[in-house]
Undergrad: 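There's a structure below that I have some questions on.
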There are 2 protein chains.
Amino acid sequence: MSRRERLRAQTSDEIKAIALKLMAEGGPDAISLRAIAREMGMTAGAIYSYFATRDDLVTTLIGDVYTSLVEAAEAARDAVSESDAGGRIMAWAQAVREWALANPEGFRLIYGDPVPGYQAPEDSPGIAAGVRACAGITGLVAAAWPVAGVVLRDYDWRDFDAGLVAHTREEFPDLPPAGLALTMRVWGRMHGLVALEIYGHLRGLAHDPATVYRDEMRDLIASLGL
Amino acid sequence: MSRRERLRAQTSDEIKAIALKLMAEGGPDAISLRAIAREMGMTAGAIYSYFATRDDLVTTLIGDVYTSLVEAAEAARDAVSESDAGGRIMAWAQAVREWALANPEGFRLIYGDPVPGYQAPEDSPGIAAGVRACAGITGLVAAAWPVAGVVLRDYDWRDFDAGLVAHTREEFPDLPPAGLALTMRVWGRMHGLVALEIYGHLRGLAHDPATVYRDEMRDLIASLGL
DNA sequence: CCCTATGGTGAACGCCGTGTAGTAAATCAA
DNA sequence: TTGATTTACTACACGGCGTTCACCATAGGG
């Protein structure tokens, strides 16, 4: 890597770091090229040699932030013995909620709507992180398979995306198609309460959302027969 | 109501209608005072005699939109016999998802982050609609009480907001505090998958999210012993 | 040592929300 | 009917935004 490339990467990292700082302080909308440039002693136009557009920068940030969330969840899961499938689910779930509470703006960035009509490009790092999250939850489900107490319909592999199916069958050969459906349901169940809480819809209803969430996750784990 | 007041209300309604149209076309960020005024053949400044600020307008819209969602859910629920508690839950859940699919931008407006750092004022119509939604789900839970197969911790009335508790004890005198916790859990469970779907996080994973969601709701209903 | 590719500037364009001063018309009081 | 006042609205200005473009200084490689 030449000196030029090094400097370039450094500047690019600084842009992202400042963007993340601005976001943490003022939400996703506070990520403005002019504010970033101001903080760097540059002109807004200069950023365009690093990111084609503001949305491009945000797309990159989503990838970084999403990856940090997934890594937090994976680390929490891996801190629990593989033999304790239920404990690993709880660890993942708690890590997600705690990460979200610590990085509410990041959560909004990932699961909210950073840009009107924004659609992440197929090959963005955000998509990769999403796939990784999905794979993580699939692993949690697979470790509990066969599940005991969940209402399950029959599914077909064709009900799901081919790439996802290929990856799943390779990594979790014993998991039937219904396992993928259950993965999404588990994901939804972990996501729902956290999203409501982060976006303030539980504000002033329950004083301790953590307890409600823990109960919900205990019920989820119990329903898997763990 | 005088002629003045009638004209005033009419103009105000037109502003809101155009704002909703703009939102449906381009997402919440497309609600700009200038665009509304342009469409009405007015100046942007004129809107300030109807709404103190753009956020004020959005706050009002949230109330309208949220109310329309709650009314759709209530209507669907009421179309099912009171004796069929499980059917009423399913009807509510399906109505919420279908409304969200038909009004994705509305869903984003209610449950997303329309404005950076936006906090709805305590007395906004959006709060009222939220309370109404919460009450609706509480009713669904109360109709199934006592629940059979859910992991429930003991709760205290003091774990919840006093106003919510007062309303609940009056309307559903047989529901213990844990019922309120379960209400939030049910809400979260209905919300999670829909939010993931609306925000595109299931895109390209499951070909038919409706089936996954229906299964999840069936499981929820079964877990309540219905 | 020169040439060029590169990272940067600064001004411009057209959006945006938001104030303020002024105007014309509608309403009300006499 | 006439005069006073309230009200709806316009015109303009300010600062902020993303984005583009012509231009410049300089660091790197031959």
Side-chain angles (χ1 to χ4, degrees), chain A residues 1-19 21-23 25-62 105 109 113-119 121, chain B residues 1-19 21-23 25-62 105 109 113-119 121:
Chain A
M1 185 146 74
S2 76
R3 168 175 172 79
R4 267 222 141 91
E5 281 168 319
R6 246 183 309 122
L7 282 180
R8 197 177 168 74
Q10 191 178 316
T11 308
S12 180
D13 284 351
E14 193 185 348
I15 292 173
K16 292 200 285 181
I18 293 181
K21 201 192 83 187
L22 290 172
M23 183 190 72
E25 287 165 2
D29 291 39
I31 304 173
S32 91
L33 300 185
R34 292 186 127 101
I36 294 170
R38 222 177 293 131
E39 202 114 348
M40 292 178 70
M42 283 201 330
T43 325
I47 299 182
Y48 283 83
S49 30
Y50 297 89
F51 299 94
T53 179
R54 196 200 91 116
D55 288 12
D56 249 53
L57 169 58
V58 171
T59 297
T60 306
L61 290 180
I62 290 175
E105 301 304 347
L109 191 65
D113 201 17
V115 170
Y118 175 83
Q119 293 284 354
Chain B
M1 184 150 70
S2 75
R3 168 177 171 78
R4 265 223 141 89
E5 282 169 320
R6 246 184 306 122
L7 282 180
R8 199 180 166 71
Q10 191 178 313
T11 308
S12 180
D13 285 350
E14 192 185 349
I15 292 173
K16 291 200 286 180
I18 294 181
K21 202 192 85 190
L22 289 172
M23 182 191 72
E25 288 165 2
D29 291 41
I31 304 173
S32 90
L33 300 185
R34 293 185 123 100
I36 294 170
R38 221 178 293 131
E39 203 115 346
M40 292 179 69
M42 286 200 329
T43 324
I47 299 181
Y48 282 85
S49 32
Y50 297 90
F51 299 93
T53 180
R54 196 200 91 115
D55 288 11
D56 249 52
L57 170 58
V58 171
T59 297
T60 307
L61 291 179
I62 290 176
E105 300 303 347
L109 192 65
D113 202 16
V115 171
Y118 174 83
Q119 293 284 352

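Chain letters run A, B, ... following the sequence lines, proteins first, then strands; residues in each count from 1. This one's a predicted model, so the numbers in the text were calculated from it and none came from an experiment.
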Undergrad: Chain B on DNA chain D: first and last contacting nucleotide, 5' to 3', under 4.0 Å to a heavy atom?
TA: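 Using the under 4.0 Å cut-off, the span is D:dT7 to D:dA13.
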Undergrad: Quick one, which residues of residues 34-44 of chain B touch DNA chain D with a heavy atom under 4.0 Å?
TA: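 Under 4.0 Å from DNA chain D: B:R34, B:G41, B:M42, B:T43.
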Undergrad: Kindly say whether A:A46 contributes a backbone atom to a donor-acceptor pair with the side chain of A:T43 at under 3.5 angstrom?
TA: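 Checking the backbone N and O of A:A46 against the side chain of A:T43, no donor-acceptor pair under 3.5 Å is found.
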Undergrad: Using atom types as modelled and distance alone, determine if a side-chain donor or acceptor of B:T11 lies under 3.5 Å from a backbone N or O of B:L7.
TA: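 Between the backbone of B:L7 and the side chain of B:T11 there is a qualifying donor-acceptor contact (under 3.5 Å).
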Undergrad: Please list, chain by chain and in numerical order, all residues satisfying salt bridge (charged side-chain N to carboxylate O under 4.0 Å, His left out) with A:E39, sequence neighbours excluded.
TA: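 Salt bridge (charged side-chain N to carboxylate O under 4.0 Å, His left out) check on A:E39 returns A:K21.
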Undergrad: Where do B:R34 and B:A44 come nearest, in terms of heavy atoms and distance?
TA: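 Between these two residues, the closest heavy atoms are CG-CB, 3.8 Å.
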Undergrad: Taking any atom under 4.0 angstrom from a heavy atom of chain B, which nucleotides of DNA chain C are the first and last to qualify, 5' to 3'?
TA: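 Going 5' to 3' along DNA chain C, contacts run C:dC16 to C:dT27.
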Undergrad: Under 4.0 Å, heavy atoms only, any strand: does A:Y50 hit a base, just the sugar-phosphate, or nothing?
TA: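 Touches sugar-phosphate only.
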Undergrad: When we call it a touch if two heavy atoms are under 4.0 Å apart, what does A:T53 touch: a base, just sugar-phosphate, or nothing?
TA: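 Answer is sugar-phosphate: A:T53 comes under 4.0 Å of backbone atoms only.
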Undergrad: Applying a 4.0 Å non-hydrogen cut-off, can you work out what B:S49 is touching in the nucleic acid: base, sugar-phosphate, or nothing?
TA: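 It contacts nothing in the nucleic acid.
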Undergrad: Could you tell me whether the side chain of B:T59 and the main chain of B:D55 form a donor-acceptor pair under 3.5 Å?
TA: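 Yes.
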Undergrad: Compare every heavy atom of B:L109 with every heavy atom of B:P28, then report the nearest pair and how far apart it is.
TA: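 Scanning both residues completely, I find the closest heavy atoms to be CB-CD1, 4.1 Å.
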Undergrad: So which atom in A:A19 and which in A:I31 form the shortest heavy-atom distance, rounded to 0.1 Å?
TA: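 In terms of heavy atoms, the two residues are closest at O-CG1, 3.8 Å.
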Undergrad: Given that B:L33 and A:R8 both sit by DNA chain C, which one's nearest nucleotide is further toward the 5' end?
TA: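 Upstream on the strand: A:R8.
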Undergrad: Please figure out whether B:I31 or B:L7 has its closest DNA chain C nucleotide nearer the 5' end.
TA: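 Counting from the 5' end, the first nearest nucleotide belongs to B:I31.
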Undergrad: For B:D13, which residues count as a side-chain contact (heavy atoms from CB on, under 4.5 Å) partner, sequence neighbours excluded?
TA: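 Listed in chain order: B:K16.
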Undergrad: Would you name the heavy atoms of A:E105 and A:M23 that are closest together and state the gap between them?
TA: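 Scanning both residues, the minimum pair turns out to be CG-O, 3.3 Å.
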Undergrad: Could you work out, with side-chain contact (heavy atoms from CB on, under 4.5 Å) as the rule, every residue matching B:S49, not counting sequence neighbours?
TA: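 Counting only residues at least two positions away or on another chain, B:S49 forms no side-chain contact (heavy atoms from CB on, under 4.5 Å).
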Undergrad: So how far is it from B:R38 CZ to B:L33 CG, rounded to the nearest 0.5 Å?
TA: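 Atom-to-atom, B:R38:CZ and B:L33:CG are 11.0 Å apart.
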